[in-house]
Amino acid sequence: MREKIGSINKIALTVIFSLIFTVLFHLGLFAQIEKDITKSSLKALGAPNNPKVEVAWNRYYDHKEIGEICVRIVKAYPRLAKFSSIGKSYEGRDLWLLTVSNSDNGNPDTKPAMYIDGNIHGNEIQCGEVALYTAWYLTEMYGHVDWITELLDQKTFYIVPTINPDGRDAFIHKPNTAHSPRSGFDPRDDDGDGLIDEDGFDDLDGDGEITQMRVKDPNGRWVVDPDDPRMMRLAKPDQQGEYELLGEEGIDNDGDGLVNEDGPGSYDPNRNWPWRWAPQYVQWGADRYPGSLPETRAVVNFVVKHDNISAFQTYHNSGGMILRGPGNKDDQQTYKWDDLRVFDFLGKLGEEILPGYKYLVVHKDLYPVFGGELDWFYAGRGAITFSNELWSSFDYFRKKTEDNQDWFGNLKDTYRFDKLLLFGEGVVNWKSYIHPQYGKIEIGGIKKAWTRTAPSFLLEELCHRNMAFTLFHAYHTPQVIIDSIYTKDLAGGQTEINAVVKNTRVIPTHTAQDIQNKITRPDWISISGGKVLMGGILEDRFVGPVHEQKRNPERLEINTIRGMEAVYVRWILDGRGPFTITVDAAKGGKDSKITK
């Protein structure tokens with residue numbers, strides 16, 4: 001009865017959400033601007049031709065525009081996509097969720113699933129485009145590409161394009177640097193003066209950008225680069241300096257003698273997760289306690305209700321990395337050897353799909369992270385998880401960056417790319433300004449949309465390649481089948497049934513971390529159609545003992561079915577059948593066969 005009421009409630013919520021979004025759409029809150037589109041006569045491979053939902057993937061969208069695209073996808077493909085919200089941000093924006101699967105081929109919540117999110121850091125906006133592109137591409141290509149069709153028939157994608165919509169909208173609509181805002185907008189007193197968010201950046205010249213301030217000073221240690229006067233570089237040890245750099249645009253708003261020391265938020269949402277969390281004195285940005293942020297809690301609450309999720313992908317930027325945990329060296333024992341084999345297989349596949357990207361370990365190759373989302377997904381939920389750092393300097397001129405190349409070498413390429421391919425659009429030229437504290441200074445430097453975010457003509461490729469990696473990750477989530485059944489008539493009208501149950505993909509139905517911590521229920525292999533006298537798991541298909549399950553032998557409990565391997569089970573029953581054998585794996589789906 002309880003299950004029936006829950007099912008009715010779920011249907012009711014779905015209907016309510018559909019009605020709400022239909023009303024919003026017609027009220028113009030999710031208004032679509034109709035534009036003339038010239039149809040294509042020749043399809044370019046790797047993309048839909050004349051798609052139902054036209055989206056320009058060479059630009060960036062704010063939270064409202066993401067919602068509009070989601071609504072359009074669902075309206076065009078109601079059988080393949082559902083639109084909902086998993087919660088609210090601090091400022092009240094919805095954390096939009098697209099559930100993508102062929103719902104005619106089974107309940108999406110019972111299929112093996114992958115969860116994808118992005119934009120946990122507000123300024124890392126192209127993460128949202130990659131996640132949204134994935135939903136768009138899957139729905140548009142279903143029925144046109146057999147591999148995609150089979151994928152959506154068998155699997156489910158839970159896609160949350162941005163889990164920090166407040167930070168995203170602030171980055172897009174307000175003056176910022178390329179690196180701000182990293183956090184959300186729950187207010188914090190960063191400088192301990194009793195005031196909150198009172199001294200952030202100031203757009204001194206009103207151009208919508210937060211760039212650098214410099215002042216002429218013969219005792220400074222900075223000089224103008226001889227090859228590009230827009231760029232500053234550190235003077236050589238025996239070279240006379242020309243300028244001192246004063247930091248990003250701003251003034252001392254609270255009169256404490258400091259500039260830009262207490263801006264909005266100033267915590268790190270990727271240090272707020274309930275695994276190996278550490279307080280602020282161990283790492284900056286941890287905030288008050290794990291799960292203190294509403295966005296973190298919304299994701300955690302959604303994920304723990306969906307045991308079918310066996311793969312996670314989070315998107316960050318930048319650097320061209322395919323990251324796995326652990327985030328700190330003291331947590332290495334959490335990542336089990338059997339699971340690392342799966343990580344390595346997929347990570348190396350990712351390096352092939354994503355030229356210039358490197359498969360790396362967070363604590364060893366990047367920096368220590370405590371309480372990171374990536375570690376909680378694996379350690380807390382037992383699922384294979386990657387975090388891609390999108391976009392890298394490799395894409396400037398498609399040449400390998402030397403490991404020992406200093407920051408100024410990369411910066412030189414940044415300015416060179418801007419000159420040769422952006423024609424100067426990415427940099428603000430230096431200009432004079434009278435500052436209330438510093439006097440006569442100059443303002444200029446790199447715009448917020450350059451370096452962190454890919455330029456238009458490279459964005460769609462970034463979306464497609466990263467999506468391709470996640471699709472192969474999703475493809476290799478466990479998929480269980482009844483491979484074969486063998487029957488043998490016994491004396492007294494009894495029958496012996498032997499079944500081979502196989503996992504046809506690389507990821508096991510339970511990772512070693514899942515098994516050790518009993519995160520997900522066991523897989524069930526059950527039989528019906530007669531009274532079960534004995535049931536158990538065979539140690540070996542041909543020889544060896546049967547490990548009998550005394551309690552409820554009609555439903556055998558299996559710890560895991562390893563990737564590309566099988567388990568062998570046996571029952572003895574009264575009767576001659578027919579018998580129905582069913583495998584039900586929370587993370588690996590279901591399958592049934594009837595004996596002949």
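- Looking at D339, its side chain does come within 3.5 Å of a backbone N or O of Q513 through a donor-acceptor pair.
- Remark: the K82 side chain and the S103 side chain contain no N/O donor-acceptor pair separated by less than 3.5 Å.
- Between the CD1 atom in I125 and the CG atom in L390 there is a gap of 11.5 Å [rounded to 0.5 Å].
- Side-chain contact between L151 and L471 is present, with at least one heavy-atom pair separated by less than 4.5 Å.
- When the side-chain contact (heavy atoms from CB on, under 4.5 Å) test is applied to N49, the partners found at least two apart in sequence or on another chain are S40, K43.
- Among residues two or more places apart in sequence or in another chain, the salt bridge (Lys or Arg N to Asp or Glu O under 4.0 Å) test is passed with E373 by none.
- Judged by distance alone, the side chain of E389 and the main-chain N or O of N317 form a donor-acceptor pair under 3.5 Å.
- Shown here are the salt bridge (Lys or Arg N to Asp or Glu O under 4.0 Å) partners of R324, two or more places apart in sequence or in another chain: there are none.
- Judged purely by atom type and a 3.5 angstrom limit, H63 uses its side chain to pair as donor or acceptor with the backbone of D94.
- A donor-acceptor distance shorter than 3.5 angstrom exists from the side chain of T504 to the backbone of Q479, with no hydrogens or angles considered.
- Applying the salt bridge (Lys or Arg N to Asp or Glu O under 4.0 Å) rule to R555 yields no partners; only residues at least two apart in sequence or on another chain are considered.
- By the salt bridge (Lys or Arg N to Asp or Glu O under 4.0 Å) test, D331 pairs with R276, sequence neighbours left out.
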Give the table of side-chain donor-acceptor pairs shorter than 3.5 Å for residues 342-351, with sequence neighbours excluded, one pair per line with atom names and distance.
{"unit_1": "D344", "atom_1": "OD1", "unit_2": "Y359", "atom_2": "OH", "d": "2.7"}
{"unit_1": "E351", "atom_1": "OE2", "unit_2": "Y359", "atom_2": "N", "d": "2.8"}

Derivation of the side chain to side chain contact (heavy atoms under 4.5 Å, CB included) call for F83 and I73: CA-CA 9 Å; F83 185 33; I73 290 171; over 6 Å; no
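- Between L374 and L323, the shortest heavy-atom contact is CD1-O, 3.5 Å.
- Judged purely by atom type and a 3.5 angstrom limit, H473 uses its side chain to pair as donor or acceptor with the backbone of I384.
- Here the side chains of H121 and P269 are in contact, with some heavy-atom distance below 4.5 Å.
- Taking the six-membered ring for Trp, Y475 and W147 have ring centres closer than 6.0 Å.
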Intermediate values then yes/no, salt bridge (charged side-chain N to carboxylate O under 4.0 Å, His left out), D365 and K358: CA-CA 10 Å; D365 301 306; K358 295 179 180 178; over 6 Å; no
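- Here the CZ atom belonging to R79 is positioned 9.5 Å from the CG atom belonging to N105, to the nearest 0.5 angstrom.
- Ion pair E140/R72 not flagged as a salt bridge, since none of the NZ, NE, NH1 or NH2 atoms sits closer than 4.0 Å to an Asp/Glu carboxylate oxygen.
- Aromatic rings of Y315 and W391 (six-membered ring for Trp) have centroids beyond the 6.0 Å cut-off, not under it.
- Between E295 and R168 there is no salt bridge, since no side-chain nitrogen of the basic residue lies less than 4.0 Å from a carboxylate oxygen of the acidic one.
- Under a 3.5 Å cut-off, the side chain of N308 and the backbone N or O of K111 do form a donor-acceptor pair.
- Interatomic distance, CE of M321 versus OH of Y357, reported as 9.5 Å (0.5 Å rounding).
- Counting heavy atoms from C-beta on, the side chains of N498 and Y568 never come closer than 4.5 Å.
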Working for salt bridge (charged side-chain N to carboxylate O under 4.0 Å, His left out), residues R521 and D307: CA-CA 9 Å; R521 66 158 174 85; D307 282 344; over 6 Å; no
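- In this structure the side chain of W96 never reaches within 4.5 angstrom of the side chain of P165, judged on heavy atoms.
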